[in-house]
Amino acid sequence: SLGVDVIDGVAESCPTETLVSTIQDTLAIITAPTAAEDVSIGAVMEGVYAEIDNPTTAGKLPVRPLALSSKITHLNAGDMVVVAGTTSVGKSALAMNIAWLTCVTEKKPVVYVSLEMTEAQVGQRILAMLSGVSLGRITNPDRLTDADRRQLSSVAHLVEETPFYVVYESGMGIEEVANIARMYHKKHGELGCVVVDYLQYIRADTSDSRNEEVSKYSVRMKSLAGELKTACIVVSQLNRQASNGQPELSHLRDSGSIEQDADAVMMIDRPNAEDDGAIDRESVVFVRKNRQGETGPVEMLFTPSVMRWE
């Protein structure tokens, strides 16, 4: 061992250079990375063809809402999926819809880490989404009609025992986010997805520039997805330049690392001025990056009053 070698060297009055060399050689052995097992391309392709002939569903969840599945077919274990948009275009609602419809429908637990909305606010939006009752009336119960109350009661059973866990804390650090996800993973064994709403609200723990900080968060979320073998859905803000035309990857706010780390990036186009405030808002979600499939526009309908994307 290193300790024995050093003690023997001292006892034998070995030159200092020899002792240093012994320590360095031993540390090199201790810290050397374990060699990865090499796999021939033939063995790799055998697995690829087997998957083509007999597709498995392990680690894959069919994406909902259905409109999105035309481009992004599955949430895959280990993926980091970015949902981006400017202010008030429904990016949190879209992430919420994807998490609920994709994972809860398959009875897979969801961890929704909110750095902006409280647990109650997230709950109110989910209730509006499921019941079709306006969020404005849910948050002002005096305005609820008898019909509204019946609709709210009719979906109570959908949320009572649903494995959808909301964690709210303003100013949370990236390692706190990771530890929360690990805790729920340990408890449930497998998660459908982890949602972080949203990336730019994560607390800075160093004096690095904002760009460097957000880059670290992005790398960490991708690493966490691989570690827990689950999908991480990350909500991100777009910069002001995105308001001048169709959103592009370069519009991701604070860091170019987000587009590099993500497996898929979807960006919500700003609504037309005449649609702003409409009950149903026709919207285009641009899939700007997709490692596992096609990119391009997806026409969708967003109903802000009930936080529903279709």
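Since we're looking at a predicted model, the values are computed, not measured.
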* Rounded distance (nearest 0.5 Å) linking atom CG of Leu135 with atom CG of Asn140 -> 9.0 Å

* Is the NZ or CZ atom of Arg288 positioned over Phe286's six-membered ring, under 6.0 angstrom from the centre and within 45° of the axis? -> yes

* To do: Would you check if the side chain of Thr118 reaches a backbone N or O of Gln121 as a donor-acceptor pair within less than 3.5 Å?
  => yes

* Asked: Taking all atoms of both residues into account, what is the closest heavy-atom pair of Tyr198 and Glu116, and its distance?
  -> CE2-OE1, 3.6 Å

* Is there a donor-acceptor pair under 3.5 Å between the side chain of Gln151 and the backbone N or O of Val133? -> no

* Would you give the length of the straight line joining atom CD of Gln246 to atom CG of Asp269, rounded to the nearest 0.5 angstrom? => 6.0 Å

* To do: Could you check Met267 against Leu252 for side-chain contact (heavy atoms from CB on, under 4.5 Å), going step by step and ending with a plain yes or no?
  => CA-CA 9 Å; Met267 298 178 148; Leu252 285 165; 3.7 Å; yes

* Say whether Phe164 and Val306 are linked into one hydrophobic cluster, either directly or through other cluster members, by side-chain heavy-atom distances under 4.5 angstrom. => no

* Any chance you could measure Arg149, atom CZ, to Leu144, atom CG, to the nearest 0.5 Å? => 5.0 Å

* To do: For Glu46, look at atom CD and say whether over 12 heavy atoms of other residues, nucleotides or ligands are found less than 6.0 Å away.
  => no

* Where do Ser283 and Trp309 land on the side-chain contact (heavy atoms from CB on, under 4.5 Å) test, with the steps shown first? -> CA-CA 9 Å; Ser283 186; Trp309 280 89; 3.7 Å; yes

* **Shortest non-hydrogen contact from Gly78 toward Lys222** => O-NZ, 2.7 Å

* Side-chain donor-acceptor pair under 3.5 Å between Ser114 and Asp197, yes or no? -> no

* Asked: Is it true that a side-chain atom of His74 and a backbone atom of Lys60 form a donor plus acceptor pair closer than 3.5 Å?
  -> no

* **Any donor-acceptor N/O pair, Trp100 side chain to Thr105 backbone, under 3.5 Å** => no

* To do: Supply the atom-to-atom distance Asp148 CG to Ser131 OG, rounded to the nearest 0.5 angstrom.
  => 8.0 Å

* Asked: Got Ser236 and Ile258 here, is their nearest side-chain heavy-atom distance under 4.5 Å?
  -> yes

* With no hydrogens and no angle check, is any side-chain donor or acceptor of Ser215 less than 3.5 Å from a backbone partner on Asn211? -> yes

* For the residue pair Val194 and Leu191, what are the closest heavy atoms and their distance? -> CG2-CD1, 3.9 Å

* Met221 vs Ile174 side-chain heavy atoms within contact, under 4.5 Å -> yes

* Side chain proximity check, Asn76 to Gln292, heavy atoms < 4.5 angstrom -> yes

* Note, Lys91 side chain near Thr86 side chain (heavy atom, < 4.5 Å) -> no

* To do: Please name the pair of heavy atoms, one in Gly171 and one in Glu176, separated by the smallest distance, quoted to 0.1 Å.
  => O-OE2, 4.5 Å

* To do: Answer with yes or no whether the hydrophobic clustering places Leu61 together with Leu68; edges join I, L, V, M, F, W, Y residues whose side-chain heavy atoms lie under 4.5 Å apart.
  => yes

* **Backbone of Glu259 reached by a side-chain donor or acceptor of Lys289 within 3.5 Å** => yes

* To do: Kindly indicate whether the side chain of Leu130, heavy atoms from C-beta on, has any atom under 4.5 Å from the side chain of Val159.
  => yes

* Test log, rule side-chain contact (heavy atoms from CB on, under 4.5 Å), inputs Ser70 and Val298 -> CA-CA 8 Å; Ser70 65; Val298 178; 4.2 Å; yes

* Asked: Are Val122 and Val89 connected in a single hydrophobic cluster, I mean Ile/Leu/Val/Met/Phe/Trp/Tyr linked by side-chain heavy atoms less than 4.5 Å apart?
  -> yes

* Asked: Any donor-acceptor pair under 3.5 Å linking the side chain of Asp79 with the backbone of Leu75?
  -> no

* In one Ile/Leu/Val/Met/Phe/Trp/Tyr side-chain cluster, 4.5 Å: Val63, Val284 -> no

* If only atom types and distance count, is the side chain of Glu212 paired as donor or acceptor with the main-chain N or O of Ser209 below 3.5 Å? -> yes

* To do: With the side chain counted from C-beta on, respond yes when Leu249 and Val265 share a heavy-atom pair under 4.5 Å apart, and no when they do not.
  => yes

* To do: Quick one: closest heavy-atom pair of Val83 and Leu94, and the distance?
  => CG1-CD2, 3.9 Å

* Val287 vs Ile72, side-chain contact (heavy atoms from CB on, under 4.5 Å): CA-CA, chis, key distance, verdict -> CA-CA 8 Å; Val287 177; Ile72 302 174; 4.1 Å; yes

* Asked: Heavy atoms, side chains only, cut-off 4.5 Å: are Val235 and Val196 in contact?
  -> no

* Mark yes or no for whether Thr139, through its side chain, and Gly136, through its backbone, hold a donor-acceptor pair below 3.5 Å. => yes

* To do: Tell me yes or no: between the side chains of Glu190 and Thr230, is some donor less than 3.5 Å from an acceptor?
  => no

* Asked: Can you find a heavy atom in the side chain of Met300 that is under 4.5 Å from one in the side chain of Pro65?
  -> yes

* To do: Would you name the heavy atoms of Ile202 and Gly173 that are closest together and state the gap between them?
  => CG2-C, 3.9 Å

* Asked: How many angstroms lie between atom NE2 of His185 and atom CG of Leu224, to the nearest 0.5 angstrom?
  -> 9.5 Å

* Asked: Quick one: do the Gln260 and Ser218 side chains pair a donor with an acceptor below 3.5 Å?
  -> no

* Joint hydrophobic cluster, Met183 plus Met172, side-chain heavy atoms closer than 4.5 Å -> yes

* Between atom OG of Ser305 and atom CZ of Arg281, what is the distance when rounded to the nearest 0.5 Å? -> 10.0 Å

* Asked: Just by distance, do the side chain of Ser69 and the backbone of Leu66 share a donor-acceptor pair under 3.5 Å?
  -> yes

* Ring-ring centroid check Tyr165 Tyr112, cutoff 6.0 Å -> no

